[in-house]
Amino acid sequence: FVKHSKIKRKQWYQRRVRGLKVLRDFVGPIQQRVFEGYKFHGSAYLSFVVKYHEAGQRKLVPHHAHSTFTTNTALNRQNIDYEGGGSYFIRQKCLVRDVDIGWTLMHPGKLTHYHEGKEIT
């Protein structure tokens, strides 16, 4: 169990380091152009992946992200791997879906972009 635990921690740490490198090297420079006046300092306090699946999590209830900004990256193909879905920004009345794999949506967190993950079918 101890060896397994050490391996899991090492894998988690390596993924976190790679994720922070992506944030610093790619997301940070884009964020500085999009959200002028805010400087990303290269750290993330809450990083997670939500995988939508018919047998598992099918949607995400309306919420404010607890972040200054949030990124959503498409990992599946709409209308091939699933139907429906998308990020819906309630106040803005804007639905974003049919995003190509690897493309990222960036939006403000905390206050202005109350949103939900629409249900997949």
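We number each residue from 1, following the sequence as shown. All figures in this text were calculated on a predicted structure; none of them were measured in a lab.
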request  = For residues Thr70 and Ala65, report the shortest heavy-atom separation together with the two atoms involved.
outcome  = OG1-CB, 3.2 Å

request  = May I ask whether Leu23 and Val34 are part of the same hydrophobic cluster, defined by side-chain heavy atoms of I, L, V, M, F, W, Y residues being less than 4.5 angstrom apart, directly or through others?
outcome  = yes

query = Quick one: does Thr71's side chain get under 4.5 Å of Val27's, heavy atoms only?
reply = yes

message = Quick one: does any side-chain atom of Arg97 pair with a main-chain N or O of Gly85 as donor and acceptor, under 3.5 Å?
response = yes

ask   = What closest approach, in Å, do Ala74 and Val99 show between heavy atoms, and which atom pair accounts for it?
value = CB-O, 3.7 Å

remark   = Between Lys110 and Thr68 the two heavy atoms that sit nearest each other are NZ-OG1, 4.1 Å

ask   = What is the distance from atom CD1 of Ile30 to atom CG of Asp25, rounded to the nearest 0.5 Å?
value = 11.0 Å

task = Work out which heavy atom in Lys118 is nearest to a heavy atom in Leu95; give both atom names and the distance.
result = CG-CD1, 3.7 Å

inquiry  = Do Tyr114 and Arg91 make a side-chain contact, defined as non-hydrogen atoms from C-beta onward lying under 4.5 Å apart?
reply    = no

message = Tell me whether Gln31 contacts the main-chain N or O of Tyr38 through its side chain, where contact means a donor paired with an acceptor under 3.5 Å.
response = yes

ask   = What distance separates Ile101 CD1 from Asp81 CG, expressed to the nearest 0.5 Å?
value = 6.5 Å

note = Sorted by chain and number, sequence neighbours left out, side chain to side chain donor-acceptor pair (under 3.5 Å) with His63 holds for His115

query = Between Phe89 and His107, what is the ring plane arrangement, given parallel below 30°, perpendicular above 60°, and tilted in between?
reply = perpendicular

task = Would you confirm whether Gln78, through its side chain, and Glu83, through its main-chain N or O, come within 3.5 Å as a donor-acceptor pair?
result = no

request  = Provide the closest heavy-atom pair for Ile90 versus Pro62 in the form atom of the first, atom of the second, distance.
outcome  = CD1-CB, 3.6 Å

Heavy-atom closest pair, residues Gly84 and Thr121 = N-OG1, 4.4 Å

message = Do Tyr52 and Tyr82 make a side-chain contact, defined as non-hydrogen atoms from C-beta onward lying under 4.5 Å apart?
response = no

message = Please report the interatomic distance CG(Leu60) to CD(Glu119), rounded to the nearest 0.5 Å.
response = 12.0 Å

